[in-house]
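Note that these values count all heavy atoms, side chains included, but never hydrogens, waters or copies made by symmetry.
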There are 2 protein chains.
Amino acid sequence: MNLKDLAQHLGLSPTTVSRALNGFPEVAEATRVRVEAAAREYNYRPNTQAKRLATGRAMAIGHVIPISTQHEIVNPVFADFIAGAGEVYARAGYDMLLTIVPDAEQERAYREIRSKGNVDGIIVHGPRAGDPRIALLEDLGLPFVVHGRASGITRPYAFVDVNNSRAFERATRFLLDLGHRRIALVNGIEAMDFALRRRRGFERALAAADLSPDPRLMVAGEMTEAQGHDAARAMLRLSAPPTAFLTSSLLSAMGVRRALWEDGLVMGRDVSIVTHDDELGYLRNGAEEPIFTATRSSVREAGRRCATMLLRMIESPPPEPASELLEAVLVVGGSTGPAPGGAT
Amino acid sequence: MNLKDLAQHLGLSPTTVSRALNGFPEVAEATRVRVEAAAREYNYRPNTQAKRLATGRAMAIGHVIPISTQHEIVNPVFADFIAGAGEVYARAGYDMLLTIVPDAEQERAYREIRSKGNVDGIIVHGPRAGDPRIALLEDLGLPFVVHGRASGITRPYAFVDVNNSRAFERATRFLLDLGHRRIALVNGIEAMDFALRRRRGFERALAAADLSPDPRLMVAGEMTEAQGHDAARAMLRLSAPPTAFLTSSLLSAMGVRRALWEDGLVMGRDVSIVTHDDELGYLRNGAEEPIFTATRSSVREAGRRCATMLLRMIESPPPEPASELLEAVLVVGGSTGPAPGGAT
DNA sequence: TTTGGCATCCAAAGCGCTTTGGTGGCGAGT
DNA sequence: ACTCGCCACCAAAGCGCTTTGGATGCCAAA
């Protein structure tokens with residue numbers, strides 16, 4: 001059943017039917033009702049491709065998720081982010097187009113997306129410091145919102161980000177206030193912008209307490225359970241082991257916890273842990289009471305915000321790119337306590 | 001730059017240019033070369049919408065991922081599955097369309113997808129026993145491949161699945177052979193088909209050893225770290241606690257491991273753990289040597305297989321739906337050992 | 001009675017591609 | 001010299017929708 005058929009059934013022209021269905025004013029209310037009833041009855045759905053071709057709007061948003069060849073990891077936050085964004089798209093009648101692209105082919109992929117014209121906008125995932133994709137997309141004139149930011153890029157662009165540096169500064173201060181002086185940082189790969197900012201926040205808090213960061217207590221890598229475990233295990237064997245850990249992911253924190261157990265240390269008493277918590281659906285930090293003290297910020301909500309912002313940009317391009325900075329909240333769980341034996 | 005422009009530049013008709021670019025035989029080789037060169041030079045990309053409208057093929061595959069309202073979990077395996085499928089689509093020039101749909105609106109969503117006609121086929125995620133979506137899709141005449149199976153549906157349909165029952169039967173037998181008699185099952189939600197089959201495999205192995213399953217040693221729920229922990233903690237307090245655990249996910253296994261530690265038990269000596277391992281990118285079971293003894297099967301590979309199968313179905317509809325049953329391999333890690341104190 | 005304006009509806013021209021059903025020209029066969 | 005067949009190309013008709021630019025009829029105003 002297509003427009004023409006429907007129009008024929010109704011004894012109307014396709015024009016009128018189209019306008020009736022799309023809420024144009026120049027169609028009598030009675031007619032509109034009649035058309036809508038018929039559309040429902042015959043279960044008419046306008047063909048998307050035709051609509052797209054005619055309007056020039058794809059009614060779809062592209063998500064390009066980079067896949068590193070070196071570190072073959074599919075970031076576990078994507079699923080939740082996508083779920084959040086998907087909700088928004090569904091409500092607005094947009095489709096979500098996913099493209100998995102090896103790091104090296106990013107540029108080609110973006111250009112191709114642009115010229116194929118099957119999306120109206122793009123969400124940029126996993127920005128790095130000075131990420132070239134931002135300039136590229138601006139150049140291509142494709143509306144986009146970055147999930148995160150790219151340090152070093154000065155021209156304004158649309159983004160939704162968590163205030164990572166503030167969160168980690170706050171978390172570090174929290175540990176400092178508890179008397180900890182040797183605090184370890186188990187971070188994500190620091191080519192990623194969010195990890196960079198977290199380190200900066202960490203260092204800023206240390207500096208404010210007149211402490212300088214100890215490179216032996218800082219590690220960056222893929223945020224897995226094994227990473228947390230291995231890093232903690234090694235650090236705990238130092239002559240001056242850390243009394244607290246700050247980790248970038250719940251998985252890493254779980255790894256650190258395991259290392260503590262292996263050494264017979266009690267979490268929250270002998271050694272404290274603070275972690276960032278993205279509130280992933282399948283990785284909760286406890287039910288009501290948090291297990292780990294954490295800087296918490298829902299990545300799913302970030303997905304919603306990104307999507308909303310992008311759709312708004314597409315509907316009516318703003319003169320200035322908007323941006324949104326979400327503040328993580330510090331929730332206190334059982335993984336932290338005063339530094340043992342007083343300050344060093 | 002569109003077809004017409006390009007044709008004009010070349011002094012050819014759009015017809016010829018189209019045929020040249022699409023590899024039709026009735027165009028002189030010299031002309032084809034000339035056209036291709038020009039296309040490259042002007043960076044011409046055929047407009048996808050137009051192509052789709054003209055050919056009637058969407059060149060896109062839909063993934064409908066159900067989102068439960070009760071258990072608000074975004075299944076962590078989706079990300080990896082999608083990554084695998086995405087590779088295949090990219091190579092074949094297909095797009096991947098993601099739709100996040102609440103459980104209740106599944107049917108509506110499928111019908112809508114069908115009538116909007118913006119995909120050529122669908123991957124069905126998270127099938128349940130007797131899943132109604134299969135009949136629906138058959139009814140709609142939309143090519144589809146199920147990732148998993150739906151017990152109770154007898155008419156043949158295309159699927160790619162892991163032999164879950166065999167895997168868990170094998171894992172259980174492995175534990176039985178080690179002398180374990182009280183084996184706990186920490187399963188996924190048993191409305192999901194894969195979880196059902198795993199339980200069946202588990203019970204089959206027990207039955208073969210003349211043991212009957214103990215309901216107190218069986219739990220089903222969301223496969224999180226907390227689930228594993230809480231389940232194990234409770235079971236270890238039974239008058240006859242299990243000497244081994246079989247879990248459906250690495251996360252659950254990690255939770256069980258935590259419960260063991262809390263009780264001062266040594267994994268692999270006092271209590272054994274076998275888990276299923278989907279080989280998720282961010283959740284590895286050790287680097288070279290596996291930490292947990294596990295039934296291992298890459299969900300990413302399953303994604304590739306599903307995608308490949310679906311594309312093949314679309315290119316040339318087979319008379320009979322194909323199917324593929326992947327066998328999980330049992331890898332032995334440090335989490336298992338002989339049952340302490342001999343058999344019970 | 002004429003005119004203008006408004007409310008409704010419609011014909012037809014796209015959107016950019018594919019595809020059907022040709023046409024023109026050239027070499028081979030007779 | 002003429003026909004036939006094939007090679008290389010092209011004009012035009014879709015695909016199913018939107019949108020421009022009217023057309024028609026009716027009523028109020030003059």
> Given atom CD of B:E26 and atom P of C:dG24, what is their separation to the nearest angstrom?
Replying inline: 19 Å
> Of the nucleotides D:dC9, D:dT19, C:dC17, which has the atom closest to the B:K51 side chain?
Replying inline: C:dC17
>> Quick one, A:H125 and A:I123 - any side-chain contact, counting heavy atoms below 4.5 Å?
In response: yes
>> In whole Å, I'd like the distance from the CZ atom of A:R57 to the P atom of C:dC15.
In response: 18 Å
> When all nucleic acid strands are considered with a 4.0 Å heavy-atom cut-off, which category describes A:T55: base, sugar-phosphate, or nothing?
Replying inline: sugar-phosphate
> What nucleotide among C:dG16, C:dT20, D:dT19 has an atom nearest to a side-chain atom of B:R19?
Replying inline: C:dT20
> Once you round it to whole Å, what is the distance between P of D:dT19 and CG of A:N22?
Replying inline: 8 Å
>> Whole angstroms only, please: what is the CG-C1' distance between B:L3 and D:dC15?
In response: 15 Å
>> Between B:E36 and B:R32 (salt bridge meaning N to carboxylate O under 4.0 Å), is one present in this structure?
In response: no
> Within this structure, what is the CD-to-P distance between B:Q49 and C:dT18, rounded to whole angstrom?
Replying inline: 13 Å
>> Assuming nearest nucleotide by heavy-atom distance, tell me which of A:N47 and B:S13 is located more 5' along DNA chain D.
In response: B:S13
> Can you check the B:R45 CZ to C:dG16 P distance for me, whole Å?
Replying inline: 17 Å
> Taking the six-membered ring for Trp, are the ring centroids of A:H9 and A:Y44 within less than 6.0 Å of each other?
Replying inline: no
> Reckon B:S18 has a side-chain N or O less than 4.0 Å from the OP1 or OP2 of C:dT18?
Replying inline: yes
> With a 4.0 Å cut-off on heavy atoms, is A:R52 in touch with a base, just the backbone sugar-phosphate, or nothing at all?
Replying inline: nothing
> Taking only side-chain nitrogens and oxygens of A:Y44, does any of them come within less than 4.0 Å of OP1 or OP2 of D:dG16?
Replying inline: no
>> Any base atoms under 4.0 Å from A:G11, or only sugar-phosphate, or nothing? Heavy atoms, all strands.
In response: sugar-phosphate
> Crowded around B:R312 CZ? As in, over 12 foreign heavy atoms under 6.0 Å?
Replying inline: no
>> Expressed as a whole number of angstroms, how long is the span from A:K4:NZ to D:dT19:P?
In response: 19 Å
> Testing A:L10, A:L21, A:V27 for side-chain contact (heavy atoms from CB on, under 4.5 Å) with A:T16, which one passes?
Replying inline: A:V27
>> From C-beta outward on B:T15, which listed nucleotide comes closest to its side chain: D:dC17, D:dT20, D:dC10?
In response: D:dC10
> Which residue lies toward the 5' end of DNA chain D, B:A54 or B:L12, if each is placed at its nearest nucleotide?
Replying inline: B:L12
>> In whole Å, I'd like the distance from the CG atom of B:L53 to the C1' atom of D:dA13.
In response: 13 Å
